[in-house]
Amino acid sequence: MKLVFATNNKHKLTEVQKILGSHFEILSLAEIGCNEDIPETAETLEGNALQKAHFVYGRYGYNCFADDTGLEVEALNMAPGVYSARYAGPQRDSNDNMQKLISVMDKINNRKARFKTVIALIIDGKEWLFEGIVDGEILKDPRGKQGFGYDPVFKPEGYDQSFAEMDLSLKNTISHRGRATAKLIDFLSKKEA
């Protein structure tokens, strides 16, 4: 089965291709000639994921999936949430976002947070949603060089390492995106059977 992953984020593409393995052929936006900025103007992760998937399906006719991910910090009323990529401004700079979070959390003792990913799948015009959540905490200082986004300051529950200190295969088995993608694979495998 061929599916387009509606993302321009090379890190996400690599992660998801690794999780999906050889089960499915995943096409990037570049491979289908989509060089446009896909809108993400919804107020929820679900809304953004569906918006991106519908954009690709509607304009290019490919079965596809898209995701949206947010970091939800308990002490910040679940912010930055849907605005995680733009937390420090429209430039969408991961390091700026991380530094702003560290600064905002400076005097806060409740470090509980979670990553949430929602994947929207569209096949032949029908849509499905898959969710993955991982609980953890925000570290006071960045640790590790792997991963991307907030990975250096997020330590998943039950582990001593930040996501950025973990081997990608370990991260993929426990991460929000890994969990949502596992549900997607399970659904697609049953659909193909």
Side-chain angles (χ1 to χ4, degrees), residues 2-20 26-73 76-101 104 113-134 138 147-154 163 171-172 175-184 187-188:
K2 274 188 190 181
L3 285 169
V4 173
F5 183 17
T7 184
N8 283 310
N9 186 320
K10 289 184 176 75
H11 298 289
K12 278 186 187 181
L13 189 62
T14 302
E15 256 183 32
V16 168
Q17 282 174 327
K18 208 169 189 94
I19 296 167
L20 288 172
I26 304 301
L27 301 172
S28 69
L29 290 174
E31 288 174 299
I32 65 164
C34 175
N35 302 309
E36 302 155 79
D37 265 342
I38 299 176
E40 289 182 76
T41 56
E43 294 293 314
T44 63
L45 299 174
E46 293 82 358
N48 276 339
L50 283 166
Q51 188 177 26
K52 292 187 277 189
H54 277 290
F55 182 91
V56 170
Y57 184 78
R59 291 204 182 188
Y60 297 89
Y62 283 92
N63 289 331
C64 66
F65 64 97
D67 83 320
D68 200 22
T69 294
L71 175 66
E72 300 176 336
V73 181
L76 304 179
N77 296 318
M78 304 313 261
V82 74
Y83 303 106
S84 293
R86 304 180 290 279
Y87 189 47
Q91 72 277 16
R92 301 170 84 92
D93 182 273
S94 294
N95 200 47
D96 291 352
N97 292 335
M98 194 168 45
Q99 292 309 319
K100 178 178 178 180
L101 181 66
V104 169
R114 69 181 195 173
F115 265 123
K116 178 179 172 183
T117 291
V118 176
I119 294 176
L121 170 70
I122 297 180
I123 295 179
D124 302 329
K126 291 187 185 127
E127 61 186 51
W128 294 268
L129 292 171
F130 307 93
E131 181 182 279
I133 292 173
V134 62
I138 302 300
F148 61 99
Y150 296 94
D151 286 356
V153 293
F154 184 83
F163 269 164
K171 180 191 170 191
N172 283 342
S175 79
H176 45 296
R177 189 168 295 107
R179 290 173 178 177
T181 305
K183 291 176 184 175
L184 172 71
F187 174 82
L188 290 171

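What you see below is based on every heavy atom in this structure, not just the backbone, and it leaves out hydrogens, waters and symmetry mates.
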Minimum heavy-atom distance L27-Y62, with the two atoms named = CD1-CE2, 3.9 Å
Quick one: side chains of residues 126-133, donor-acceptor pairs under 3.5 Å with protein atoms, not counting sequence neighbours, listed by atom name and distance.
unit_1: E127; atom_1: OE1; unit_2: H54; atom_2: NE2; d: 2.6

Sequence neighbours left out, what passes side-chain hydrogen bond (donor to acceptor under 3.5 Å, both in side chains) with T69? Give chain and number order.
-> D67, T117, R177
Are the side chain of N172 and the backbone N or O of G178 linked by a donor-acceptor pair below 3.5 Å?
-> no
Under 4.5 Å between any side-chain heavy atoms of D124 and N63, yes or no?
-> yes
Spatial distance of atom NZ (K183) from atom CG (L121) [nearest 0.5 Å] = 14.5 Å
Flag side-chain contact, heavy atom, 4.5 Å: L13 against I26 = yes
Within-4.5 Å side-chain heavy-atom neighbours: V16 and L184 | no
Write down the atom of C64, the atom of L3, and the distance for their closest heavy-atom approach.
-> N-CD2, 4.0 Å
Mind checking whether V104 and Y87 have side chains closer than 4.5 Å, heavy atoms only?
-> yes
I138 to L101 - nearest heavy-atom pair and separation = CD1-CD2, 3.9 Å
Roughly how far, to the nearest 0.5 Å, is CD1 of I123 from CZ of F187?
-> 6.0 Å
Can you check whether V4 reaches L29 side chain to side chain, under 4.5 Å on heavy atoms?
-> yes
Side chains of L71 and N97: does their closest heavy-atom pair fall under 4.5 Å?
-> no
Which residues share a side-chain hydrogen bond (donor to acceptor under 3.5 Å, both in side chains) with D96, sequence neighbours left out = Q91
Do R59 and C34 have side-chain heavy atoms sitting under 4.5 Å apart?
-> no
After noting the C-alpha distance and the side-chain angles of V56 and I122, does the key distance pass the side chain to side chain contact (heavy atoms under 4.5 Å, CB included) rule?
-> CA-CA 10 Å; V56 170; I122 297 180; over 6 Å; no
So, for G70 and S84, which heavy atoms are closest and what is the spacing to 0.1 Å?
-> CA-OG, 3.5 Å
Where do A66 and A53 come nearest, in terms of heavy atoms and distance?
-> CB-N, 3.7 Å
For F154, all residues meeting ring-ring contact (aromatic ring centres under 6.0 Å, His included), sequence neighbours excluded | F115, F163
If we only count heavy atoms from C-beta on, is the H176 to R114 side-chain gap below 4.5 Å?
-> no
Closest contact, heavy atoms only, T7 versus N9 = OG1-N, 3.0 Å
Roughly how far apart are T181 OG1 and K12 NZ, rounded to 0.5 Å?
-> 10.5 Å
With sequence neighbours excluded, what pairs up with K171 under the side-chain hydrogen bond (donor to acceptor under 3.5 Å, both in side chains) test?
-> E15, D151
To the nearest 0.5 Å, tell me how far E43 CD sits from N48 CG.
-> 8.5 Å
Would you check if the distance from the ring center of F5 to the ring center of F65 is below 6.0 Å?
-> yes
Does E40 have any side-chain hydrogen bond (donor to acceptor under 3.5 Å, both in side chains) partners at least two apart in sequence or in another chain, and if so, which?
-> K52, R92
Mind checking the CZ-NZ spacing from F148 to K10? Nearest 0.5 Å is all I need.
-> 13.0 Å
Nearest 0.5 Å, what's the CG-OH distance between L50 and Y57?
-> 14.0 Å
So, E46 side chain and V118 main chain: donor-acceptor pair closer than 3.5 Å or not?
-> no
